[in-house]
Amino acid sequence: MEFDSVFLYTALAVGVLTICTVLKRVNGWFYSIKFSSKEYRVPPGDMGWPFIGNMLFFFRSFKLGGDLGTFISYFVTRFGAGGMYKSFMFGKPSVIITTPEIVRKVLMDDDNFDLGFPQYLRDLLGQEPTGGTTIKEDKLIRRLTAPIKNHISLSSYFDCIKKIAKSSFEKWADMGEPIELFAEMRRPAFDVLMQVLIGGDQVAPHLLDMVFKQNSYRFSGLHSLPINFPGFAYNKALKARKEIVKVYEEIINERKAMIANTKGEPRTNLLDTMLDTQDDGEGTKLRDGNIVKTLLWYTFGGYESVARVATKAIMHLERNPEFYQKAKALTLAHIPLISIIFAFIFAFRCLVYEEQEDIIKRRSSPNDGLNFDEISQMKYLSKVINETLRMGSTETVLFREANTTVNVNGYSVPKGWKFLTLLGKFHMDPNVYVKPKEFNPSRWDDLDKPASFLPFGIGPKMCPGANLVRLEVSVFLHYYILYYRIEQLSPKSEMETCVARIKKI
Ligand code: HEM
């Protein structure tokens, strides 16, 4: 009897193991047979389980290290350091790319690769107009929204950013109550975006409030399972997107009348610029649906990310107290010997505060406020921002999809396969960033734009808001560093859930 049960359990275990082993390989066999023709040569790798591929492993790796280190090193250790690994991710056969040279090649190639977001994400991000977007329309949109990248346009938004940053800190300090820093920071970042995107000051406040509220459901949907069924966050997010579309359509209709009456006048926001040139005179007409789609994309990418970087930069500075607390004591102490010793020990830490003080000292009148040219003098602050971007984008995945059979690095990858770039692989590389998990802005003294530092991507689809982000975050940090401090209620909480009191100093 005893022998029977041992036999039974052993047989069961062997059976389960065999089924698992077969199942684990079945996806790989399926795709090997499907793409066995000589036309293709896919890189080595592991296609994971049927249907879910490597997604469980991918999410587990997120939980473990937050930088996908385990996930990537599995492929590199098992399949060599070639830099391209086949996998099955987000419901599609995919290639994970891990060397900067290959990533750059793929991201710069707009002819052979489309944006490869999974469909459930694409539905959240935008809404394709009937008939889709033609290549010409896409190019026209990029041309019309390009001003957001340039110096002159950015300078025209500067006063608005300053006003919003100053009044936000004043409001939070006056409240005296603890606030959820990241959640609060989202509103001023949203207000800046609205000004740039649609001329927020010309829009009824209740419409802006509506977009802000509905968009927060859109973000919740991003972090939930894509189940489009009433009661689920994803379903609510899709409904929220529809509500935002209605608001934008209303604003577009109102604005069209204004545009018609002010032909030839300079346009100061992206919506007016797009409406002004709906017909480029060379055969390309930008339909309203495409303008709405563009607004939806910008609304998704253009403020929550900024608020996150501003919050994290503040938290990094606070959690490295020697960073500028001592710097402040140092500048106030004015004791030469101590200053010399401290300056030696805390040289890089002093820089962030001193730099801001120096900027004020150089002003011709003490009543002068921050001006646009001073931003380019904030060299150390820009390293703080780089370091925050580096540490904050470790979870970012850039998606592309081959729109034809593509030849990359000696491989021939079939049309429809996704190409995934995991920024964590680059931004946490100890060969480039010594002790990568440490916040150390001074590392940027010796780093001259590493080829693998891509927080905003690269190529034609690179983030158009990159310069705006740097400007906006610099203005916020300028006011914070000089005039405010935070008192954290639970100093060990996650940065994004930190509750703190803002104090004026
Ligand atoms: C810290 C803040 C931000 C980060 C880290 C960030 C990062 C990125 C990244 C990595 C991409 C994808 C590039 C690719 O797929 O190759 C992207 C795309 C995009 N971003 Fe940002 N972004 C930020 C802020 C902004 C802001 C402020 C705006 C708008 C004002 C913006 C608008 C967009 C748009 C419209 C796209 C899509 C571009 C396209 O497909 O052509 N982003 N961003």
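Both ligands and their constituent atoms are indexed starting at 1 by order of listing. Keep in mind that what you see is a predicted model, and the values were worked out from it rather than measured. Heavy atoms only: backbone and side chains are in, while hydrogens, waters and symmetry mates are out.
The pair Lys415-Glu401 does not count as a salt bridge, with every side-chain nitrogen at least 4.0 angstrom from each carboxylate oxygen. Of the charged side-chain nitrogens involved, at least one lies within less than 4.0 Å of a carboxylate oxygen, so that Arg308 and Glu304 count as a salt-bridged pair.
Donor-acceptor pairing under 3.5 Å is recorded for the side chains of Ser412 and Asn407.
Taking a 6.0 Å sphere around NZ of Lys162, one finds it holds more than 12 heavy atoms contributed by other residues, nucleotides or ligands.
Checking side-chain atoms of Ser168 against main-chain N and O of Ile164 turns up a donor-acceptor pair under 3.5 Å.
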For a ring-ring contact (aromatic ring centres under 6.0 Å, His included) check, start with the C-alpha distance between Phe453 and Phe426, then their side-chain angles and the critical distance, and finish with the verdict. CA-CA 7 Å; Phe453 183 57; Phe426 298 144; over 10 Å; no
Contact table, ligand 1 N/O with protein N/O, distance under 3.5 Å:
residue, atom, partner, partner atom, Å
ligand 1, 15 (O), Arg400, NH1, 3.1
ligand 1, 16 (O), Arg400, NH2, 2.6
ligand 1, 41 (O), Arg142, NH1, 2.5
ligand 1, 41 (O), Arg142, NH2, 3.2
ligand 1, 42 (N), Gly301, O, 3.3

